[in-house]
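Below is one structure; the comments refer to it alone.
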Amino acid sequence: MTIIEQLQQRKPVIWHNPQVEQEPTHFLFERVLIDEADARLQRFASYFIESFPETIATQGIIESPLTALRKLGHDFNADVLLKRDDVLPVSGSIKARGGIHEVLVLAEAIAREAGLVTTAQSYKAFATHPIITELAKHTIVVGSTGNLGLSIGIMSAKLGFRVVVHMSHDAKQWKKDMLRAKGVEVVEHEGDYSVAVDTGRKEADADSWSHFIDDENSQQLFAGYAVAARRLAKQLPQQPTLKKPLVVYIPCGVGGGPGGVIYGLKAQFGAAVKCFMVEPIESPCMLLGMATGKHDAICVEDIGLTNQTIADGLAVGRPSRFVGRLMEPLLDGIVTVSDERLCQLQRQLWAREHIYVESSAAAGFAGLELVASHYPTAQHIVWATGGGLVPQSEKSQEFV
Ligand SMILES: Cc1ncc(COP(=O)(O)O)c(C=O)c1O
């Protein structure tokens, strides 16, 4: 049976990437962009301490803890750590890495161009009026299924930008409400993620004061996500080796978030890390693009899938324009998961460890479930990608 026929059966699959290099050598993204992202996030640390007090504990760095899951590890018979991007400061999801970074790129460029700050000065200046007034002349536009919109909306509004978020029909009402309460303009679409992105792109193109953050194609988002890996290296209880590798499972939508993190991990740990993405059975856009080699020239609807899933953050039918190509030598495989199993895994995490994540963010456990037995000596990291801002009223409607 071909991989397309398997996907059409709507049953969970494990796709092993035939192009992966066991000893990766092809790193096709400009590494200097990742170094610059790291340095930029450091420059803004004093601003974050001032403007987002929740970052004081991490010295103004937007970073999340790495937690051992003893009970779930026992259930899955594996040594399991959870990367808590669900509690990342500012916007409570993995999107706080790339999304915030790209807003900072724009803010820094505008403020420097206007002569309002230099890299030698304290970036606390971004919380003061000359810069806020300057940034208010500019509009940031983005298309999103929800969490990227939250990251970019919250960050941009705080810096003073006008910000417009185009939301796909999957986006949860509370995410739109939260953004509006922070002064963000939210445009709701009946169409899916690609429609929201396209409309935002056209709107921004028509206005020279608008900057479009292009989730399908952004190098600066990718660079922001990739910084996670070097920070993770400092958190690990032990560095991975060929004998005791690290195996990482990350939910995938358009691919930028997991792709950036995986790129960084492979650059950091080489052959000692194995990386798997996880997608919903109705939205396996990265798997389809990579397995066919067509990347963004094919979408899940082309093979009769619906792109309908409860995992709102992963409801993407067409993959990024560039991430799949970068992943060809680096990604070990992709796993798919049904909505039903996703909900069970989300509940299991709550029941066993008392950790709530949103449904999209539980997808990594489906990777652990299908892949862990292939690596019996490994340490496994499930990347929890969102849930920190979910209001209690929403959680109560689920199971918490
Ligand atoms: C909770 C969550 N996990 C994972 C992802 C996937 O990120 P990407 O779309 O960059 O692949 C998203 C995207 O919005 C998300 O919201």
Side-chain angles (χ1 to χ4, degrees), residues 64 82-88 91-102 142-153 165-168 170-172 174-175 192-194 196-197 213-226 228 248-264 275-280 283-287 289-290 296 307 309-324 326-327 331 334 337 342 345-346 349 356-367 382-390 394:
S64 69
L82 190 68
K83 183 58 177 159
R84 299 289 316 269
D85 274 10
D86 57 301
V87 294
L88 269 180
S91 66
S93 84
I94 188 172
K95 297 282 153 179
R97 297 185 181 280
I100 288 176
H101 175 247
E102 184 152 353
V142 67
S144 169
T145 56
N147 281 336
L148 184 66
L150 273 182
S151 286
I152 288 181
V165 177
H166 290 261
M167 290 284 208
S168 65
D170 321 270
K172 298 265 191 289
W174 70 263
K175 293 184 182 175
D192 70 0
Y193 163 84
S194 300
V197 172
I213 296 188
D214 190 346
D215 197 20
E216 292 182 325
N217 202 26
S218 165
Q219 312 271 313
Q220 294 296 4
L221 285 177
F222 192 86
Y225 295 121
V248 182
Y249 312 93
I250 315 188
C252 177
V254 73
V261 171
I262 289 169
Y263 190 94
C275 298
F276 292 84
M277 294 183 179
V278 186
E279 298 187 293
S283 310
C285 65
M286 186 58 72
L287 200 171
M290 288 188 71
D296 63 318
N307 191 25
T309 167
I310 52 149
D312 53 337
L314 315 183
V316 178
R318 190 182 296 280
S320 155
R321 233 172 277 166
F322 74 103
V323 171
L326 291 181
M327 287 294 107
L331 183 69
I334 303 181
V337 60
L342 202 52
L345 291 165
Q346 184 193 17
L349 179 62
Y356 172 86
V357 298
E358 57 187 288
S359 51
S360 305
F365 286 101
V382 175
W383 213 279
T385 46
L389 293 192
V390 179
E394 288 290 317

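First listed ligand is number 1; within each ligand, the first listed atom is number 1. The residues of the chain are indexed from 1 along the displayed sequence. Every heavy atom of this structure was used, including side-chain atoms; hydrogens, water molecules and symmetry mates were not.
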Can you tell me if [X] uses its side chain to pair, donor with acceptor, with the backbone of [Y] under 3.5 Å?
| X | Y | value |
| --- | --- | --- |
| K95 | G149 | no |
| H101 | Y225 | no |
| Q346 | V357 | yes |
| S151 | A96 | yes |
| S320 | N217 | no |
| E394 | W174 | no |

Going by the atom numbers of ligand 1, which of them fall below 4.0 Å from some non-hydrogen atom of [X]?
| X | answer |
| --- | --- |
| G257 | 8 (P), 10 (O) |
| C252 | 11 (O) |
| T145 | 14 (O) |
| G256 | 10 (O), 11 (O) |
| P258 | 7 (O), 8 (P), 10 (O), 11 (O) |

Worksheet item: Knowing that exactly one of L314, T309, L342 qualifies, which makes a side-chain contact (heavy atoms from CB on, under 4.5 Å) with V337?
Response: L342
[X] near ligand 1, heavy-atom distance under 4.0 Å?
| X | result |
| --- | --- |
| S93 | no |
| V316 | no |
| L314 | yes |

Worksheet item: Short N/O distance, under 3.5 Å, between G255 and ligand 1?
Response: yes
Practice prompt. Please name all residues satisfying salt bridge (Lys or Arg N to Asp or Glu O under 4.0 Å) with E102, sequence neighbours left out, ordered by chain then number.
Written response: none
Worksheet entry | Results of salt bridge (Lys or Arg N to Asp or Glu O under 4.0 Å) for D86 - residues two or more places apart only | R84
Which protein non-hydrogen atom lies closest to [atom], naming both residue and atom, and how far is it?
| atom | result |
| --- | --- |
| atom 16 (O) of ligand 1 | N147 ND2, 2.8 Å |
| atom 8 (P) of ligand 1 | K95 NZ, 3.3 Å |
| atom 6 (C) of ligand 1 | G253 N, 3.4 Å |
| atom 12 (C) of ligand 1 | G313 O, 3.6 Å |
| atom 3 (N) of ligand 1 | T385 OG1, 2.7 Å |

Fill in: ligand 1-proximal atoms of V254, by part, heavy-atom distance under 4.0 Å
both
Item to complete: Check D312 against ligand 1 and report side chain, backbone, both or neither, counting heavy atoms closer than 4.0 Å.
Response: neither
Worksheet item: How long is the span from the CZ atom in R97 to the OG1 atom in T385, to the nearest 0.5 Å?
Response: 11.0 Å
